[in-house]
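Taking it in order: structure first as structure tokens, then the write-up.
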Amino acid sequence: MRPRPASLAALVLAALTAAPAAAGPDAPAIYAQRCAECHGAARLGGIGPALLPENLGRLRKKDAASVIANSRPAVQMPPFADVLSKDEIDALVALIYTPLPDVPDWGLAEIEKSRVVLVPESELPAKPVHGADPMNLFTIVEAGDHHVTILDGDRFEPIWRFPSRFALHGGAKYSPDGRFVYLGSRDGWVSKYDLWGLKPMAEVRAGINTRNIAVSGDGRIVMVANFLPHTLVALDARDLRPLKVIRVNDGKGKSSRVSAVYTAKPRASFIAALKDIPEMWEIPYGPDPKPVAVGYVHNYQPGMEEGAFDRGPLPVRRIRLDDFMDDFFFDQDYRHAIGAARTARNGQVVNMNVGRKIANVDLAGMPHLGSGITFEYQDRPVLATPHLKEGMVSVIDMRTWTTIKRIETIGPGFFMRSHENTPYAWVDVFFGPSKDVLHVIDKRTLEIVRTLKPTPGKTAAHVEFTKDGRFALVSIWEMDGALVVYDAATLEEVKRIPMKKPSGKYNVHNKITFSAGTSH
Ligand code: DHE
């Protein structure tokens with residue numbers, strides 16, 4: 001049965017009164033004090049995920065208590081063991097596993113109602129209003145004060161800075177020509193900006209708690225992956241009009257959060273992995289999809305009905321897996337998806353053509369495959385990925401799916417980057433006492449050749465290269481942070497621009513050409 005819509009005020013009240021009435025710690029009060037800021041007053045998510053039974057299916061209550069007490073790798077949440085008693089933690093666990101009387105729906109009608117168009121396509125300027133190379137611009141997310149800076153990648157000067165939605169997450173996505181940038185926030189907003197006119201164009205709330213977004217290779221559709229509700233939402237890339245809401249379920253009543261969605265341009269499809277159902281979904285967007293699509297309908301037209309499932313435009317091809325996929329990544333021609341569950345001891349390789357797992361990969365320690373890169377090593381394609389739980393980078397032969405090398409790092413890293421024109425790959429050390437360093441790895445020898453410390457004591461993370469690969473840009477991930485520009489050959493600092501907790505940065509050319517060294 002579909003949940004009924006409810007107002008936000010009613011939901012906050014429901015969230016705070018839905019706790020069991022037993023005597024003991026006041027779970028709603030503890031939740032309001034300790035959890036609401038990140039997970040939302042109504043438990044619907046914010047910076048942190050929604051805390052509802054619908055989204056906690058894979059987490060046993062005992063593990064939930066451990067997460068509250070000790071936190072978990074690669075999240076911003078602090079451990080609460082020192083500030084909350086065991087009884088208080090147990091009361092919080094009981095609260096978050098208590099269903100809300102009304103989970104709000106967020107379907108086509110709600111999405112469309114939230115949509116705002118600021119600049120219609122008919123009013124766009126015919127040429128850029130700035131003198132920078134449109135292909136060498138960077139979109140830089142400043143998470144500290146929820147702003148975005150557009151940087152001229154030749155002069156390293158900001159050309160536009162604007163307020164963004166709260167808590168953007170995941171990579172910026174560009175239209176195939178690089179003119180428009182789309183950004184997604186954890187609370188479901190998708191915003192479109194014109195990088196020629198330097199103006200916001202449109203925005204829409206496509207979900208309540210969102211993972212990430214992808215733009216189709218033909219530039220027509222923006223696909224949004226949601227944690228809440230359990231949907232994928234297709235938007236018209238021109239004005240963000242909602243086209244279709246795809247309910248994510250196994251066809252037998254069990255629904256699922258979406259781990260992430262990416263565009264597989266050579267296949268003319270979107271590929272999504274699911275968090276609560278061991279399946280990958282391929283969704284061809286046409287108009288000329290490869291024959292892998294099942295039930296594809298030609299002559300795609302916008303304005304489709306909500307609820308159409310496994311048929312009609314944007315049909316779903318299911319690939320059944322024997323484990324979940326929390327984090328995943330593709331080879332350059334999108335023939336293989338390499339993925340792992342957070343709890344798995346191995347990664348899995350799925351051949352997208354035959355639609356099944358073809359190999360296991362030796363990837364313990366929570367590989368962060370989403371930030372993996374590929375390159376040629378001794379005439380064979382390899383993938384390299386940092387691990388979130390262990391201080392190492394794994395290098396995997398993509399022909400045999402065997403591990404060639406584990407490169408030891410000072411601590412676990414989050415992001416890895418390279419570029420076709422540099423012999424080096426850069427990886428950060430995001431966690432632990434050495435979070436202020438970055439390793440530079442020689443792709444020819446798989447050895448660390450330099451360890452950089454841009455600002456002692458301050459987190460240094462996330463690298464992106466200029467269009468030509470000559471410079472590497474690094475974030476000093478702090479409120480009084482900076483963007484540090486390095487010469488990618490000499491590894492010397494050439495410029496530093498103050499910024500407010502800069503997180504991800506995305507070069508137009510590298511992203512639209514699907515450079516092997518960057519995220520896609
Ligand atoms: Fe991310 C990308 C998932 C926590 C900053 N992160 C992604 C993507 C996924 C993902 C699936 C790819 C989306 C895309 O680009 O389309 N992130 C997760 C998690 O599951 C995890 C571990 C837990 C969670 O809170 O969801 C997580 N991520 C974080 C953070 O705590 C970070 C460091 C700070 C923040 O802003 O939330 C963070 N994630 C990022 C960034 C990217 C990203 C900067 C884009 C990387 C890129 O270069 O493309």
Side-chain angles (χ1 to χ4, degrees), residues 38-39 45-51 55 58 67 71-78 138-144 146 148 164-174 181-187 190 209-215 222-228 257-264 270-275 324-330 339-342 366-373 385-389 412-418 426-428 430-431 435 459-465 473-475 477-478 501-507 510-511 514-515 517-520:
C38 294
H39 294 282
I47 298 178
L51 295 176
N55 281 14
R58 274 175 66 194
V67 171
S71 184
R72 70 193 319 180
V75 296
Q76 309 285 320
M77 183 171 121
F138 286 82
T139 299
I140 303 172
V141 173
E142 292 187 64
H146 308 287
V148 169
S164 71
R165 282 278 163 187
F166 181 71
L168 299 182
H169 177 241
K173 302 294 156 80
Y174 295 102
V181 64
Y182 301 85
L183 298 168
S185 73
R186 287 198 189 250
D187 59 358
V190 178
N209 193 200
T210 290
R211 278 319 264 169
N212 79 326
I213 61 172
V215 177
V222 178
M223 189 64 92
V224 185
N226 286 328
F227 263 14
L228 194 73
R257 297 166 292 166
V258 183
S259 302
V261 64
Y262 296 101
T263 295
F270 294 107
I271 298 178
L274 312 185
K275 268 215 174 266
F324 302 107
M325 246 194 208
D326 290 314
D327 201 355
F328 61 114
F329 153 89
F330 299 92
R342 280 180 84 94
M366 248 171 92
H368 192 213
L369 287 160
S371 83
I373 59 167
T385 176
H387 293 250
L388 297 171
K389 273 207 271 199
F414 215 102
F415 301 109
M416 188 155 187
R417 276 288 200 278
S418 189
W426 297 48
V427 64
D428 54 38
F430 202 79
F431 307 101
K435 60 184 186 166
T459 306
H462 197 278
V463 179
E464 175 61 300
F465 287 82
L473 281 56
V474 175
S475 291
W477 197 295
E478 307 274 350
K501 205 175 182 186
S503 54
K505 59 200 81 60
Y506 312 94
N507 178 273
N510 296 346
K511 289 285 266 188
F514 294 86
S515 160
T518 192
S519 61
H520 292 174

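One-based numbering, in listed order, for ligands and for the atoms of each.
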Sub-3.5 Å donor-acceptor pair from the side chain of D428 to the main-chain atoms of A460, do we have one? no
With nothing but distance in play, are any N or O atoms of R186 less than 3.5 Å from an N or O of ligand 1? yes
In this structure, does ligand 1 have an atom that sits under 4.0 Å from one of the heavy atoms of H520? no
Closest by any non-hydrogen atom to atom 27 (C) of ligand 1: pick that one out of K505, R72, H169, M366. H169
R211, any N or O under 3.5 Å of ligand 1 N or O: yes
Among Y262, F514, Y174, F329, whose ring-ring contact (aromatic ring centres under 6.0 Å, His included) with H520 holds? F514
With no hydrogens and no angle check, is any side-chain donor or acceptor of R417 less than 3.5 Å from a backbone partner on V463? yes
Counting non-hydrogen protein atoms only, what is the nearest one to atom 45 (C) of ligand 1? Give residue, atom name and distance. Y506 OH, 3.2 Å
Just let me know how W477 lines up against ligand 1, side chain, backbone, both or neither, with a heavy-atom cut-off below 4.0 Å. side chain
Within a distance under 4.0 Å of any heavy atom of G504, pick out the atoms of ligand 1 and give their elements. 44 (C)
Is there a nitrogen or oxygen of Y262 sitting under 3.5 Å from a nitrogen or oxygen of ligand 1? no
Is a donor on one side and an acceptor on the other found under 3.5 Å between the side chain of S475 and the backbone of W477? no
Give me the nearest non-hydrogen protein atom to atom 22 (C) of ligand 1 as residue plus atom name, then the distance to 0.1 Å. A74 O, 3.3 Å
Between the main-chain N or O of H146 and the side-chain N or O of S164, is there a donor-acceptor pair closer than 3.5 Å? yes
Is it true that R417 lies under 4.0 Å from ligand 1, counting heavy atoms only? yes
Closest to atom 2 (C) of ligand 1 among S519, G170, C38, P502 (heavy-atom distance): G170
Please state which protein non-hydrogen atom is closest to atom 11 (C) of ligand 1 and give its distance, to 0.1 Å? A260 CB, 3.8 Å
Using only atom types and a distance under 3.5 Å, with no angle test, would you say the side chain of S519 pairs donor to acceptor with the backbone of S371? no
Minimal heavy-atom distance between L183 and A172, with the atoms involved, is CD2-CB, 3.5 Å
For A225 and V261, which heavy atoms make the closest approach, and how far apart are they? CB-CG1, 3.7 Å
Please check if the distance between the ring centroids of F414 and H368 is under 6.0 Å. yes
What about G171: any of its N or O atoms under 3.5 Å from an N or O on ligand 1? yes
Checking heavy-atom distances from atom 48 (O) of ligand 1 to each of K173, H462, M416, K275, the winner is H462
Does K511 have more than 12 heavy atoms from other residues, nucleotides or ligands lying within 6.0 Å of its NZ? yes
Counting only nitrogen or oxygen atoms and a 3.5 angstrom limit, does Q76 reach ligand 1? yes
Can you find an N or O of N212 that's nearer than 3.5 Å to an N or O of ligand 1? yes
For atom 46 (C) of ligand 1, grab the closest protein heavy atom and report residue, atom and distance to one decimal in Å. F415 CE2, 3.7 Å
Any donor-acceptor pair under 3.5 Å from N226 side chain to R257 backbone: no
